[in-house]
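Heads up, the thing below is written out as structure tokens.
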Protein chains: 2
Amino acid sequence: MAKIQSGENSTKKEAIIQKAAFLFKTKGYSATSMRELADSLGVEAPSLYNYIGSKSELLQSICSKMANEFHLNLDVVENNTATAVAKVEAIVRFHIQKMLNNFDEVFVANHEWKHLKEPMLSSFLNQRRNYEKRVMAVFENGIEKNELRITNPYVAVLTILSAVRGLEFWYGHKKNVTQEELENEMVKNLLNGIVK
Amino acid sequence: MAKIQSGENSTKKEAIIQKAAFLFKTKGYSATSMRELADSLGVEAPSLYNYIGSKSELLQSICSKMANEFHLNLDVVENNTATAVAKVEAIVRFHIQKMLNNFDEVFVANHEWKHLKEPMLSSFLNQRRNYEKRVMAVFENGIEKNELRITNPYVAVLTILSAVRGLEFWYGHKKNVTQEELENEMVKNLLNGIVK
DNA sequence: AATAAAAACTAATAAGTGTTAGTTTTGCAA
DNA sequence: TTGCAAAACTAACACTTATTAGTTTTTATT
């Protein structure tokens, strides 16, 4: 009957993943059925299996894609910025932008990872721990170089990254704040708290 | 066979709700089955219905209990603290303490509310919007009285409350940070960013 | 127009869901 | 010890779940 529509630059598999991200975000992974996903693509559920292996594979694709992108950005930041403060700002800005531009997928990676199956679950958590450590190293470096006035880098990382993650709470509210304003104001509030 | 164990100060219904909160937090509402909940209480699933009305009633109990407690605290803070800065600090500290002392239930109210059924869903979201507005009023008052240097109270509320909510991320990590240290350090980092 | 591959379909399966009905066991009061 | 209510049980229901098998339709190529 109907065909799975995919944009010019995306395969049909990618179209399925994108819709899945939207539904997983909206209803949660477990509460989203394959029939529902198929329905929203104008197709019967078994047809999806021409493109994907399983429901859990969809979740896995989303989570690992996000993990990779965040790690990749950290590589760039570590090599291309001078001061620790500049690194922190670059990291915060990337998180904010990702949050605003790839909301569905970031949200799913942040909230639905617990439904990953082993061994992907362990792998995902390992990657995340690793990411945290690398960010924390940036903060520690900032303390050594006397750029930051924080005393506990772990708490600082936790505080800042969580604050940014909280943008998901803002999403949909659509107050009279532009994306740029929000980003700048947030960076200011957060960095003011820790920069010397 | 086995009986549902309830602590000295709690009814059996409360014991069920508490275990439900733990499971809903750990596996998510949809992925938690009544059989599983019963199992963890050493009982068969239908036995639960001697004490509760339905699965969704469990979620409702948890969410509305948390909503009430946060509102109640705000009543106290509004009346019993002098400056806006003191109010902000008191709110932040309450959020942190709740997060650390009633982790399961706070987590569920924060993450699983979307599975509430109407009309409780709308009611819950209304309460939350209301809470935000009241907190925002505190910030606006702080700007008027020249106590705060923020320019956008909405972004500030978002940033601070999200940062605190991010404690869920810390929970379980058990770094070498005591609860008090964490609370004080976090309050410092956050207030430094906005207090004049 | 014929053919082969891609992609949709229908039907079915086995497992799991919340919940109800009806029955048995348990524990306490008389 | 008897009797009664509270609280457990078993069996079953009507649905929903992800997924597979097998078949038909669509699409593009020769």
Using atom names, set out every protein N or O paired with an N or O of nucleotides 17-20 of chain D below 3.5 Å, distance rounded to 0.1 Å.
{"unit_1": "D/dA18", "atom_1": "OP1", "unit_2": "A/Thr32", "atom_2": "O", "d": "3.2"}
{"unit_1": "D/dA18", "atom_1": "OP1", "unit_2": "A/Met34", "atom_2": "N", "d": "3.3"}
{"unit_1": "D/dA18", "atom_1": "OP1", "unit_2": "A/Lys55", "atom_2": "NZ", "d": "3.2"}
{"unit_1": "D/dA18", "atom_1": "OP2", "unit_2": "A/Met34", "atom_2": "N", "d": "2.9"}
{"unit_1": "D/dA18", "atom_1": "N7", "unit_2": "A/Arg35", "atom_2": "NH1", "d": "3.1"}
{"unit_1": "D/dA18", "atom_1": "N6", "unit_2": "A/Arg35", "atom_2": "NH2", "d": "3.3"}
{"unit_1": "D/dT19", "atom_1": "OP2", "unit_2": "A/Tyr49", "atom_2": "OH", "d": "2.4"}
{"unit_1": "D/dT19", "atom_1": "OP2", "unit_2": "A/Lys55", "atom_2": "N", "d": "2.9"}
{"unit_1": "D/dT19", "atom_1": "O5'", "unit_2": "A/Tyr49", "atom_2": "OH", "d": "3.2"}

Value in whole Å for how far the [atom2] atom of [N] lies from [atom1] of [X]:
X       : N      : atom1 : atom2 : value
B/Leu48 : C/dT20 : CG    : P     : 13 Å
A/Ile16 : C/dA8  : CD1   : C1'   : 12 Å
A/Leu41 : C/dA7  : CG    : P     : 14 Å
B/Leu58 : C/dG18 : CG    : P     : 11 Å
B/Lys13 : D/dA6  : NZ    : C1'   : 16 Å
B/Asp39 : D/dA8  : CG    : P     : 14 Å
B/Lys12 : D/dA5  : NZ    : C1'   : 13 Å
B/Lys27 : C/dT17 : NZ    : C1'   : 13 Å

**OP:** Check whether any side-chain N or O of B/Glu132 sits under 3.5 Å from a backbone N or O of B/Met136 as a donor-acceptor pair, and report yes or no.
**Re:**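 Looks like no, no N/O pair under 3.5 Å.
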**OP:** Keeping the roles fixed (side chain from B/Lys114, backbone from A/Lys25), state whether a donor-acceptor pair exists under 3.5 Å.
**Re:**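 Side chain of B/Lys114 to backbone of A/Lys25: a pair is present.
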Original post:
B/Arg165 versus B/Val106: any side-chain heavy-atom pair under 4.5 Å?
Top reply: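 Sidechains of B/Val106 and B/Arg165: no contact.
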Subject >> B/Leu167 and B/His95, any side-chain heavy atoms less than 4.5 Å apart >> reply: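 Not in contact.
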Subject >> Ring-ring centroid check A/Tyr154 A/Phe139, cutoff 6.0 Å >> reply: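 For A/Tyr154 and A/Phe139, the ring centres are not under 6.0 Å apart.
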Original post:
At under 4.0 Å, does any side-chain N or O of B/Tyr51 touch on OP1 or OP2 of D/dA8?
Top reply: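 For D/dA8, OP1 or OP2 has a side-chain N or O of B/Tyr51 closer than 4.0 Å.
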**OP:** May I ask you to verify if any side-chain N or O of A/Ser47 is less than 4.0 angstrom from the OP1 or OP2 atom of C/dC9?
**Re:**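 For C/dC9, OP1/OP2 do have a side-chain N/O of A/Ser47 under 4.0 Å.
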**OP:** Mark yes or no for a side-chain to base donor-acceptor pair under 3.5 Å between A/Asn50 and C/dA8, with no hydrogen or angle criteria applied.
**Re:**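 Flag set: donor-acceptor pair detected.
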Original post:
Shortest non-hydrogen contact from B/Met120 to B/Leu116?
Top reply: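 Nearest pair, atom of B/Met120 first, then B/Leu116: O-CD1, 4.2 Å.
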Original post:
B/Tyr29: what forms a ring pair (Phe, Tyr, Trp, His ring centres under 6.0 Å) with it, not counting sequence neighbours?
Top reply: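 B/Tyr29 satisfies ring pair (Phe, Tyr, Trp, His ring centres under 6.0 Å) with B/Phe24, B/His115 only.
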